[in-house]
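Note sheet for the following structure.
All heavy atoms count here, side chains included; hydrogens, waters and symmetry mates do not. Positions are given from 1, in the same order as the sequence printed here. Note that this is a predicted model, so its numbers are computed, not measured.
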Amino acid sequence: MKAILKYTIYILLSIAVMTSISPTITFANTLEAAPKIPITEWQIHPGNDEDSKTPPADGWITVKENEKEPILPKGTSSLWVKIELPAISYSHAGLLVNKAYAQNVIAYMDGKSVYETRRNHSYDVNRFVIPIEHSSIDETIYIHLVNHTGNIGIAAITLGDYSKLYRTMLMGDVDNIILGTAFIFIAALMFICMIFLKKIHVSGWKSLSLIIFSIGCMLIFYSPFLYMVNENYGWLYATGFDLSSNLFLPALFFFLETFFGRGKFGIIRIFKIYALGSMILSTIGLLLNIMTNNAFYSLYYSVATVLFVLGVLGGCSIVIGVLVVHCFKKNRDAIILSAGLSFFILFAVADIIQYYSLSKNYEFVYWKWGTVCFVFTLVVMLGRQIVIGFEKVVTYSRQLEIFNNELQRSEKMDMISQLAASVAHEVRNPLQVTRGFLQLLEEKSGSNKEKNYMLLAINELDRASEIITDFLTFAKPQLEHVSVLNIANEFKHIGTILIPLANMQGGQIRLNIPDNLQINGNSSKFKQAFINMIKNSIEALKNEGRIDITGYMEGNRVVICIKDNGEGMTEAEIAKLGEPYYSNKSKGTGLGLMVTFSIIEVMQGDIVFNSIKGIGTEVTVTFPTA
């Protein structure tokens with residue numbers, strides 16, 4: 001809930017910023033302050049006589065501007081409006097009809113037609129200015145409205161200077177044109193930029209571009225501005241609105257599928273197919289209707305309306321259901337989209353309430369700001385996806401670099417393992433035979449000098465044998481006998497061996513390992529690995545050095561930490577640890593740590609070195625607990 005509130009505040013701030021940087025719209029509204037006289041009272045006469053050119057003599061109903069309009073009889077398809085003009089002093093006067101809901105409109109003055117429009121499409125909102133000659137003051141204007149959609153009426157009539165009223169009329173809907181054009185421009189830029197995107201982002205980017213494009217077209221084609229400027233192309237504007245509204249739902253569900261997948265039971269995919277099929281059927285019906293000169297207009301309008309309403313209701317239900325499920329899962333994209341959809345629904349409900357409270361004589365105006373909020377959230381979602389995708393690419397690149405280094409190291413180690421195994425098997429047997437003969441010669445030798453030479457040779461052979469043993473351990477580190485090891489007991493044995501060695505170096509070893517730490521492994525290999533590491537720490541100690549060995553549980557892993565205050569290492573030296581033939585000791589071969597790394601890896605452990613030159617080294621080893 002806090003997240004939804006946070007994103008809602010973001011959207012409100014964005015709308016405030018957009019409103020503050022719209023000087024054109026603000027200027028347009030100031031034009032309505034031109035001097036004018038509102039017509040506060042007129043008369044209407046409902047009926048069904050669509051072809052009549054003569055206003056009726058009686059039966060007129062008085063309508064006042066601030067009062068609720070009377071309920072028209074059911075089935076009313078035509079309406080006469082009688083306006084008594086007051087006395088004015090304008091030399092070029094005009095009568096602004098801000099809203100007239102009808103397909104056909106004819107205005108009469110002195111028995112002559114002064115304004116006429118006839119439409120063969122469903123858009124029935126009219127705005128027009130009737131020029132009034134100065135000699136026509138104190139006369140009556142009759143306006144005849146005809147509409148087959150059931151939405152018929154007139155509102156907001158103003159008398160004033162013709163040029164100012166005409167300018168006010170033109171600028172009254174410029175905000176819709178600006179907003180719609182901006183949306184189309186953004187969609188065009190997105191289409192162009194799509195060629196620079198990775199393939200993974202193209203689907204979401206393309207569907208969002210189509211959503212923005214369809215909303216922009218709807219904003220423009222729903223505005224009365226185009227119909228005022230050039231009524232002859234009214235059928236084209238109405239067709240554009242139908243096509244753009246048909247495009248909206250499929251594009252939206254393509255976008256949702258990109259973020260939330262097919263949904264449970266494939267519900268998002270199923271409705272996407274429905275929206276796509278509905279768009280194709282409506283478009284085919286629209287083209288056939290145009291080609292037959294509106295011969296099937298009623299059938300097309302009914303079917304297209306039913307398909308669109310079902311799509312909107314079903315789509316809203318599915319979207320809300322999906323968002324609820326994903327919001328409970330704390331999906332941020334779902335939370336962001338929920339905030340935008342909430343604003344869209346709020347504005348749409350405000351329009352619907354106005355529509356029915358004004359007896360359907362109302363032009364929807366709030367929904368466009370709802371679409372701005374909705375599109376803003378979609379853009380935020382796509383932006384988040386691209387940023388997350390970029391972060392994943394960076395992470396994958398780093399991991400790939402690590403994997404490549406590990407692969408190279410593994411290949412290098414594998415080659416050395418094969419070489420070590422072959423050399424060890426071939427060399428060990430001759431060494432043992434040589435050692436045996438040297439022992440025999442040492443026993444038969446007479447002088448002490450010869451015996452010393454023999455002992456020295458035997459010791460060197462033993463040292464060579466230990467190196468070969470390390471090679472074999474590195475080449476074949478498999479654990480032959482695996483059991484549950486008690487870490488405390490293992491380190492007691494290790495301490496028995498190494499504490500005297502540390503004391504000889506002037507240092508001390510302190511053990512702090514609880515009795516409850518257990519892992520799976522081989523006892524001899526475990527001891528060999530840790531003896532190698534602790535011996536390295538002992539050899540790195542200075543006078544009165546100290547080695548602290550601690551153990552503890554961390555989650556489901558056992559952690560063993562060996563920390564000394566010896567010479568320490570640089571980052572470059574740490575990076576080379578475990579490489580063959582690398583050692584900080586003058587007589588070292590580097591095999592000890594190679595063997596240690598192999599043993600820990602076979603026991604499913606991890607080892608990390610942290611060291612500062614001149615301060616000391618800390619080795620952290622973790623194993624899965626038994």
* To do: Evaluate the side-chain proximity of Ile186 to Val375: yes if any heavy-atom separation is below 4.5 Å, no if none is.
  => no

* Aromatic rings Trp60 and His45: how do their planes relate, parallel, tilted or perpendicular, breaks at 30° and 60°? -> perpendicular

* To do: May I ask you to decide if Phe254's main-chain N or O and Thr258's side chain share a donor-acceptor pair within less than 3.5 Å?
  => yes

* Can you list the residues that meet the side chain to side chain contact (heavy atoms under 4.5 Å, CB included) rule with Glu554, with sequence neighbours excluded? -> Tyr552, Val559

* Asked: If you measure from OH on Tyr237 to OG on Ser223, what distance do you get to the nearest 0.5 Å?
  -> 11.0 Å

* Asked: Quick one: CZ on Arg384 to CZ on Arg332, what's the gap to the nearest 0.5 Å?
  -> 6.0 Å

* To do: Supply the atom-to-atom distance Leu219 CG to Ser244 OG, rounded to the nearest 0.5 angstrom.
  => 9.0 Å

* Tyr162 and Leu165: CA distance, side-chain angles, deciding distance, side-chain contact (heavy atoms from CB on, under 4.5 Å) verdict -> CA-CA 5 Å; Tyr162 177 82; Leu165 289 178; 5.9 Å; no

* To do: Can you sort out the partners of Ala275 under side chain to side chain contact (heavy atoms under 4.5 Å, CB included), two or more places apart, ordered by chain and number?
  => Leu249, Pro250

* Asked: Hey, does the side chain of Ser282 reach the backbone of Met279 with a donor-acceptor pair shorter than 3.5 angstrom?
  -> no

* Just wondering, are more than 12 heavy atoms of other shown residues or ligands nearer than 6.0 Å to CZ in Phe241? -> yes

* Structure fact -> Correct closest heavy-atom pair for Leu247 and Ser214 would be CD2-CB, 4.1 Å

* Asked: Is the side chain of Arg127 donor-acceptor paired with the backbone N or O of Lys99 at a distance under 3.5 Å, no angle test?
  -> no

* Heavy-atom pair of closest approach, residues Ala102 and Leu145 -> CB-CB, 3.7 Å

* For residues Tyr108 and Ile141, determine if any side-chain heavy atom of one lies less than 4.5 Å from a side-chain heavy atom of the other. => no

* Asked: Do the side chains of Asn126 and Tyr101 get nearer than 4.5 Å, heavy atoms only?
  -> no

* Would the number of heavy atoms belonging to other residues, nucleotides or ligands and lying under 6.0 Å from NZ of Lys206 be above 12? -> no

* To do: Using ring pair (Phe, Tyr, Trp, His ring centres under 6.0 Å) as the criterion, list what pairs up with Tyr274, not counting sequence neighbours.
  => Phe271

* To do: Kindly check if the number of other-residue, nucleotide or ligand heavy atoms within 6.0 Å of CD (Glu401) is above 12?
  => no

* For Phe185, does the CZ atom sit with more than 12 other heavy atoms under 6.0 Å from it, leaving out its own atoms? -> no

* Under 4.5 Å between any side-chain heavy atoms of Ile215 and Phe248, yes or no? -> yes

* Phe191 CZ to Ile212 CD1 distance, which is reported to the nearest 0.5 Å -> 9.5 Å

* Specify the closest pair of heavy atoms between Trp42 and Lys82, including all atoms of both residues, with the distance to one decimal. => CB-O, 3.4 Å

* Would you say the side chain of Arg118 lies within less than 4.5 Å of the side chain of Ile106, judging by non-hydrogen atoms? -> yes

* Mark yes when over 12 heavy atoms from residues, nucleotides or ligands other than Glu116 sit less than 6.0 Å from its CD; otherwise mark no. => yes

* Side chain proximity check, Ile44 to Leu72, heavy atoms < 4.5 angstrom -> yes

* Closest heavy-atom pair and its distance - Gly153, Leu79 -> CA-CD2, 3.9 Å

* Given the rule in the side-chain contact (heavy atoms from CB on, under 4.5 Å) test, do Phe221 and Leu226 qualify, once you have shown the distances and angles that lead to the verdict? -> CA-CA 7 Å; Phe221 292 132; Leu226 296 179; 3.8 Å; yes

* Structure fact -> ring pair (Phe, Tyr, Trp, His ring centres under 6.0 Å) filter on Tyr115, not counting sequence neighbours, yields Phe128

* To do: Report yes if the side chains of Tyr142 and Val81 come closer than 4.5 Å at any heavy-atom pair, otherwise no.
  => no

* **Rounded distance (nearest 0.5 Å) linking atom CG of Asn246 with atom CG of Leu276** => 11.0 Å

* To do: Locate the shortest heavy-atom distance separating Ser338 from Cys327; write the atom from each residue and the value.
  => OG-SG, 3.3 Å

* Answer yes or no: is there a donor N or O on one side and an acceptor on the other, between the side chain of Ser78 and the main chain of Gly47, under 3.5 Å? => yes

* Asked: Mind checking what makes side chain to side chain contact (heavy atoms under 4.5 Å, CB included) contact with Leu243, not counting sequence neighbours?
  -> Thr239, Thr283, Leu286

* Is a side-chain donor or acceptor of Trp205 paired with a backbone partner of Met190 at a separation under 3.5 angstrom? -> yes

* First locate atom CG of Asp124, then atom CG of Asn104, and finally report the distance between them rounded to the nearest 0.5 Å. => 11.0 Å

* Step by step, work out the side-chain contact (heavy atoms from CB on, under 4.5 Å) result for Tyr166 and Asp161. => CA-CA 9 Å; Tyr166 193 80; Asp161 181 78; over 6 Å; no

* **Side-chain donor or acceptor of Asn98 paired with backbone N/O of Thr158 under 3.5 Å** => no

* Derivation of the side-chain contact (heavy atoms from CB on, under 4.5 Å) call for Ile152 and Ser77 -> CA-CA 7 Å; Ile152 191 167; Ser77 59; 6.0 Å; no

* Asked: With a 4.5 Å heavy-atom cut-off, do Val97 and Ile154 have their side chains touching?
  -> yes

* Structure fact -> Applying side chain to side chain donor-acceptor pair (under 3.5 Å) to Glu41 and not counting sequence neighbours gives none

* To do: Identify the heavy atoms of Val379 and Leu208 that sit nearest to each other, and give their distance.
  => CA-CD2, 4.0 Å

